[in-house]
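Notes for the one structure printed next.
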Amino acid sequence: MERMRVVVGDITTLALDAIVNAANASLLGGGGVDGAIHRAAGPKLLEECRGLGGCPTGAAKLTRGYDLPARFVIHTVGPVWQGGKADEDALLASCYRRSLELAAGHGLTRIAFPAISTGIYGFPAERAAPIAVRTVAEVLAHDRLFGEILFCCFSEPSAELHRRSLRSLSADDRPLN
Ligand code: APR
């Protein structure tokens with residue numbers, strides 16, 4: 001699990017292979033981290049996004065990073081929280097899994113995720129963090145390619161939820177005896 005790390009900060013400042021954007025289905029920008037990424041990347045990002053034809057919930061699409069320090073942006077669309085009976089957990093897991101699959105396909109090994117869906121989309125943060133950490137851990141278990149996966153949280157409470165999920169993950173891994 002050493003390849004996963006939790007940091008508190010602004011994901012637009014990270015100079016990695018790719019940062020993940022919590023976008024909406026139009027991919028034409030918005031508020032939250034989507035707005036921050038578009039502001040930092042500059043207008044060329046929106047220009048490229050316009051040509052992508054949107055993105056379904058749970059899927060991911062790649063663009064360049066333009067004025068961002070990150071080389072690429074992986075745009076994924078998280079589920080809007082509807083009470084937990086509309087497949088939200090599986091769709092959120094899909095965002096992390098498909099983003100990593102896309103990264104692997106392009107040889108991108110150092111990636112940062114925001115806490116997808118836990119802002120405007122209302123997904124409970126304490127429910128989202130274990131899904132995020134477990135899904136990334138499952139991919140890393142089968143794929144030695146990745147260098148480092150950062151959970152870039154925008155607040156200390158969000159970071160603590162991710163750290164707690166990481167700790168319980170390694171606790172599960174410990175041999176029983
Ligand atoms: N860096 C890292 N994390 C950030 C940043 C930032 N600069 N700005 C916000 N966040 C965090 C939020 O605090 C939250 O924990 O990203 C997480 C996701 O929140 P949102 O950005 O609101 O995204 P989401 O809940 O997935 O809602 C997506 O919001 O911005 C619109 O266009 C977007 O319609 C889409 C919706």
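All residue numbers in this chain count up from 1 along the given sequence. Read the numbers this way: they start at 1 and go in the same order the structure lists the ligands and their atoms.
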message = Nearest 0.5 Å, please: how far is SG in C152 from CD1 in I11?
response = 5.0 Å
Sole candidate of N21, L150, V20 that passes side-chain contact (heavy atoms from CB on, under 4.5 Å) when paired with P114 = V20
query = Which value, rounded to the nearest 0.5 Å, describes the distance between S155 atom OG and L161 atom CG?
reply = 8.0 Å
request  = Decide side-chain contact (heavy atoms from CB on, under 4.5 Å) for Y96 and I116; before the verdict, give the C-alpha distance in whole Å, the side-chain angles of both, and the deciding distance to 0.1 Å.
outcome  = CA-CA 9 Å; Y96 287 89; I116 300 166; 3.7 Å; yes
query = Which residue and non-hydrogen atom of the protein lie closest to atom 17 (C) of ligand 1, and at what distance in Å?
reply = A115 O, 3.3 Å
task = Tell me, please: is S117 in heavy-atom contact with ligand 1, that is, under 4.0 Å?
result = yes
query = With atoms numbered from 1 as shown, which atoms in ligand 1 lie under 4.0 angstrom from a non-hydrogen atom of G30?
reply = 30 (O), 32 (O)
Which of the ligand 1 atoms, numbered from 1, are nearer than 4.0 Å to a heavy atom of D10 = 1 (N), 6 (C), 7 (N)
key: Atom indices of ligand 1 within 4.0 angstrom of G9 heavy atoms, with elements   = 1 (N), 2 (C)
request  = May I ask you to check whether G31 has an N/O atom sitting below 3.5 Å from an N/O atom of ligand 1?
outcome  = yes
ask   = Counting both backbone and side chain atoms, is some N or O of T12 under 3.5 Å from an N or O of ligand 1?
value = no
query = At a 4.0 Å threshold, what atoms of ligand 1 neighbour a non-hydrogen atom of A36?
reply = 7 (N)
ask   = To the nearest 0.5 Å, what is the distance between CD1 (I19) and OG1 (T13)?
value = 8.5 Å
ask   = Is it the side chain (CB and beyond), the backbone, both or neither of A22 that lies under 4.0 Å from ligand 1, heavy atoms counted?
value = both
request  = Report the nearest protein non-hydrogen atom to atom 29 (O) of ligand 1: residue, atom name, distance rounded to 0.1 Å.
outcome  = I120 CD1, 3.2 Å
task = Could you tell me whether some N/O pair between S158 and ligand 1 is separated by less than 3.5 angstrom?
result = no
task = Please say whether G122 places an N or O atom under 3.5 Å from an N or O atom belonging to ligand 1.
result = no
task = Would you tell me which option among F154, F123, F113 has the nearest heavy-atom contact to atom 4 (C) of ligand 1?
result = F154
task = Report, in ascending order of atom number, the atoms of ligand 1 lying under 4.0 Å from any heavy atom of T118.
result = 14 (C), 15 (O), 17 (C), 25 (O)
ask   = Just which atoms of ligand 1 are under 4.0 Å from any heavy atom in D34?
value = 30 (O), 32 (O), 33 (C)
remark   = So the ring-ring contact (aromatic ring centres under 6.0 Å, His included) pairs with at least one residue in residues 41-89 (sequence neighbours excluded) are W81-F123
ask   = Is G35 in polar range of ligand 1, meaning some N or O pair under 3.5 Å apart?
value = no
key: Which residues share a side chain to side chain donor-acceptor pair (under 3.5 Å) with D67, sequence neighbours left out   = none
query = Hey, are the side chains of R3 and R110 touching, using non-hydrogen atoms and a 4.5 Å cut-off?
reply = no
